[in-house]
Amino acid sequence: MWAARGARDTRRPPSPSSSLHSATFSNRRPTRTPTPRPPSRVVPSSPPRTAAELPRKSTSNDKHHNRVNMQRDEASVSSDKERQEKYGDENGISNLQLEDLIQMIQNTEKNIMLLNQARLQALEHVETVLKEKEDLQRKLKILETRLSETDARLKLSAEGQFGTEINDSLPVLELDDIKEENMLLKDDIQFLKTMLIEVAETENSIFTLEKERALLDASLRELEPRFIDAQADMLKSGPRQYDAWWEKVENLGDLLETATNKVENAAMVLGRNHDLEDKVDKLEASLAEANISKFSCYFVDLLQEKIKSVEERFQVCNHEMHSQIELYENSIAEFHDILSKLVEETEKRSLEHSASSMPSELWSRISLLIDGWLLEKRISYNDANTLREMVRKRDSCLREAYLSCRGMKDREIVDNFLKITLPGTSSGLHIIHIAAEMAPVAKVGGLADVISGLGKALQKKGHLVEIILPKYDCMQNDQVNNLKVLDVVVQSYFEGNLFNNKIWTGTVEGLPVYFIEPQHPAKFFWRAQYYGEHDDFKRFAYFSRAALELLYQSQKKIDIIHCHDWQTAFVAPLYWEAYANLGFNSARICFTCHNFEYQGAAPAQDLACCGLDVQQLDREDRMRDNSHGRINVVKGAIVYSNIVTTVSPTYALEVRSEGGRGLQDSLKLHSRKFVGILNGIDTDTWNPSTDRHLKVQYNANDLQGKAANKAALRKQLNLSSTNASQPLREFEGIADHFQNNNNIRLLLKYDDSLSHWIYAASDMFIVPSMFEPCGLTQMIAMRYGSVPIVRKTGGLNDSVFDFDDETIPKELRNGFTFVHPDEKALSGAMERAFNYYNRKPEVWKQLVQKDMRIDFSWASSASQYEDIYQRAVARARAAA
């Protein structure tokens, strides 16, 4: 099976699931104004269950709620136990060994299972509760109607208007019955109101369970990579010591085996000795009875001498055996001494790095807490800087202060932090990413993956990384942990006025994130989509100015401000033209253009909305567009930034020519600060050995799971299973035949879970892009053992190397490539791939295994960014 991706759509997420088993070419260029739609979020549905009848009495209903609460309490107690295990001792989670991590993951999985059970039980009841709620409301209306009718009749009876009729038809006893019924109706109404309140409580319980489940899921995702890292660290910590251990263990095993053999031989000799003694005794008895000859007596003496000799040999053997056992015991004691020393060294090293093992999620929370206090004027600027330095260094005192804050009031927490402030320096950088997207909270395309992937990689290297995003109404709030609004309002300039902005904070993928919510009448980010609005230029100009205003008012000492694509390209000219003169000039600006097709061109007068001087910037050497005579925001970022990057080395070369879409001259002029760095992928998310979207997990050493996923996907999509080992390869007439063809499925939708499955099931992945700045598809495909067939352009040329190209080192060859964008070139590459797949299965298997072992993580790319960051900061400090 193979999957194919069509020509590059530069702004929509490049989901492979949208073009399985098809490939098309298009010479049509994307329009300049991006109009993508946000991807639809696929939520897995639970299996249908039959809801149980809710008890009608309040006592039974209380049992139901108690049961749900008990399950939730069990999950909470389990979670508390886990946290106590994690932070209970004086060294915190720094003393966690591999076994502790395994236990924590198992406890977390148990908690998730308990919460899921409670959630399923709540869902089982919710449908019945809602139906009962409707029935109760109907009955309530009927009872209220009857009550009002009865009250009216009683009132009329009391006034005497129908005295005669009542005397004839309603005896006194009947009136008493009506009154009694009236009281019962009131009781029923009160009971029904109580039931409605309990229904509302049930709904709140379900919501709480959902939040707790999401938190535990995040904790589990945090623990899984740490568990894998701990395994790797343990193996890396002392390979020579481990070799020495195993050598001693093998020596001890040999000694034990030798000693055992000698003991067995000695036992056999001893047994023979006893047999001889028995025979001698019998002979002596026989001699005594038969009065045998002197020769017989001589023979007996000889036997006794031999027995004596055997006993002496046995004594020697026994002595030698005891010596071997003693030597064995001494070796065992020496082995335990070495083991104890190594354990002590491991614990010492764990103590030295205790703070660094604390989850990044919690360090991010501490960072957001400190910044919130500064913005709310609760701590001074100097104290905030000191605390930020401690966060950068993962200071153990700061960790202990944070962990001891549970149950304290806000003022006490602030005082607790201020008590442990100590001066210090750090080699880490303070990096701010300002962007329009971030996975998984606000994702349209590859930009979102870059922000989260690069941010996490830089954070692991010891840098303080923070993200600033717009607060979209359509973003995935459930992907943000501890989302809250700060008690502060930041005002920013726009079109001659100052507008308030709400500032929200939270953590996403362990990174601290600020969300800016403009209080502007245009409701810039309340449009139910990320891009594609008629006023996108003004929307993101506003956001860029508000983001810089937030940084300026927080008084942070920032090293790098990294902005991405035209949406935040405004940051570079705004920083140097509007804020550097105010003393906010410690940072260097890095701008990354992920796709030069989109440059943010607009009429020159529109630039004035964010406070920039149009006359000063509407110049050839500043922001005037090279082709159309308008303002070009990406050009402004190229001119004003200290560092300019794009997403692959080959694409960096291409955009200096026609690929620059009019900016090639500007890029050539500023080539000294322009570089291409290949993107990476999140290897925790894209990992076939742990991927929960797959039917069967697998790895490079065991590829059976890949075949199982392939068979399952064929069944899911109703594809032919006649020859499951044959890759499907029909293209002709796909528009007319894909509906009825058993070998092709054309899926025109975005489905994240299905995309994981397709990567795992496919044998080959076709990416015939006309142009491709970087491309993550081919990297993910190789991670899942799907051999890429790509056109040599952009990042594809930097990550896929032809298997038959002898000019390339053999260890780098990982796929099949073609140059010309036509059917003949593509078919040639495919035929070569099919030939290896069908005729040389062992060679193909080795290629698949090699592809799966290639490291496409962010570690290498982050090191390159770290290097250019540090060089820019060093130049700035040298010039200061």
Side-chain angles (χ1 to χ4, degrees), residues 363-364 366-375 379-393 424-435 438 451 454-455 457-459 461-469 486 488 490 492 501 503 505 511-516 543-564 568-592 637 640-645 673 862 865-880:
W363 287 113
S364 298
I366 295 175
S367 177
L368 292 173
L369 199 63
I370 295 168
D371 292 341
W373 290 340
L374 178 61
L375 291 170
I379 60 175
S380 69
Y381 170 71
N382 291 333
D383 288 335
N385 272 346
T386 302
L387 291 171
R388 288 186 190 122
E389 290 292 336
M390 298 177 75
V391 170
R392 289 182 183 179
K393 295 187 293 182
T425 59
S426 172
S427 59
L429 299 175
H430 191 172
I431 303 164
I432 305 290
H433 286 275
I434 304 176
M438 179 184 183
I451 300 302
L454 177 59
L458 290 169
Q459 188 183 63
K461 289 181 172 292
H463 303 292
L464 178 57
V465 182
E466 296 173 316
I467 317 294
I468 301 178
L469 297 174
L486 295 181
V488 64
V490 173
S492 61
N501 298 279
I503 308 299
T505 63
L511 293 166
V513 183
Y514 296 87
F515 300 93
I516 297 178
F543 167 67
S544 298
R545 178 79 189 229
L548 283 174
E549 190 65 34
L550 170 63
L551 297 177
Y552 173 65
Q553 293 189 26
S554 68
Q555 301 180 26
K556 296 181 179 183
K557 188 175 178 58
I558 301 162
D559 296 305
I560 296 291
I561 297 176
H562 196 151
C563 46
H564 300 262
T568 57
F570 300 91
V571 168
L574 277 170
Y575 179 79
W576 292 113
E577 291 291 341
Y579 286 92
N581 295 330
L582 301 177
F584 179 34
N585 58 5
S586 64
R588 302 297 94 173
I589 305 297
C590 178
F591 171 69
T592 297
Y640 278 92
S641 296
N642 304 97
I643 306 165
V644 181
T645 72
K673 61 181 180 181
Y865 274 107
E866 181 183 44
D867 180 58
I868 60 175
Y869 287 164
Q870 290 174 340
R871 283 191 277 116
V873 171
R875 286 195 297 267
R877 291 173 180 172

Identify, with sequence neighbours excluded, every residue that meets side-chain contact (heavy atoms from CB on, under 4.5 Å) alongside A862. L454, A457, L458, K461
Shortest non-hydrogen pair, A435 vs H564, comes out as CB-CD2, 4.2 Å
Inter-residue atom distance N501.CG - R545.CZ, 0.5 Å rounding: 11.5 Å
Interatomic distance, CG@L469 vs CE@M438, rounded to 0.5 Å, equals 6.5 Å
K557: partners by side chain to side chain donor-acceptor pair (under 3.5 Å), with sequence neighbours left out: none
State whether the side chain of T568 and the backbone N or O of S544 hold a donor-acceptor pair below 3.5 Å, judged by distance alone. no
Tell me, please, which residues at least two apart from A547 pass side-chain contact (heavy atoms from CB on, under 4.5 Å). I434, I468, I516
Under the side-chain contact (heavy atoms from CB on, under 4.5 Å) test, residues paired with D559 that sit two or more places apart: R392, L429, H430, V873, R877
Could you pull out the closest heavy-atom pair between S554 and L551, with the gap in Å? OG-O, 2.8 Å
Is there a side-chain contact between I558 and F584 in this structure, where contact means two heavy atoms from C-beta onward sitting under 4.5 Å apart? yes
Qualifying residues under side chain to side chain donor-acceptor pair (under 3.5 Å), relative to E866, sequence neighbours excluded: H463
To the nearest 0.5 Å, atom OG of S492 lies from atom CZ of F543 at 11.0 Å
Locate the shortest heavy-atom distance separating L375 from V488; write the atom from each residue and the value. O-CG2, 3.4 Å
For Y579, ring-ring contact (aromatic ring centres under 6.0 Å, His included) partners two or more places apart: Y552
Rounded to the nearest 0.5 Å, the SG atom of C563 sits from the NE2 atom of H433 at a distance of 10.5 Å
All heavy atoms of V644 vs all of A637, minimum pair found to be CG2-O, 4.4 Å
Does Y869 have any side chain to side chain donor-acceptor pair (under 3.5 Å) partners at least two apart in sequence or in another chain, and if so, which? H562
To the nearest 0.5 Å, atom CD of Q459 lies from atom CG of L511 at 5.0 Å
Could you pull out all donor-acceptor pairs under 3.5 Å where a side-chain atom in residues 366-374 meets a protein atom, sequence neighbours excluded?
unit_1: S367; atom_1: OG; unit_2: E466; atom_2: OE2; d: 3.0
unit_1: D371; atom_1: OD1; unit_2: R388; atom_2: NE; d: 2.9
unit_1: D371; atom_1: OD1; unit_2: R388; atom_2: NH2; d: 3.0
unit_1: D371; atom_1: OD2; unit_2: Y514; atom_2: OH; d: 2.2
unit_1: D371; atom_1: OD2; unit_2: K556; atom_2: NZ; d: 2.7

What do the steps show when you test Y865 against T592 for side-chain contact (heavy atoms from CB on, under 4.5 Å), and what is the final call? CA-CA 11 Å; Y865 274 107; T592 297; 3.8 Å; yes
Any idea which heavy atoms bring P573 and A569 closest together, and the distance? CD-O, 3.2 Å
Any residue meeting side-chain contact (heavy atoms from CB on, under 4.5 Å) with N585, in chain and number order, not counting sequence neighbours: Y575, A580
Does S380 have any side chain to side chain donor-acceptor pair (under 3.5 Å) partners at least two apart in sequence or in another chain, and if so, which? D383
What is the distance from atom CG of L550 to atom CD1 of I503, rounded to the nearest 0.5 Å? 5.0 Å
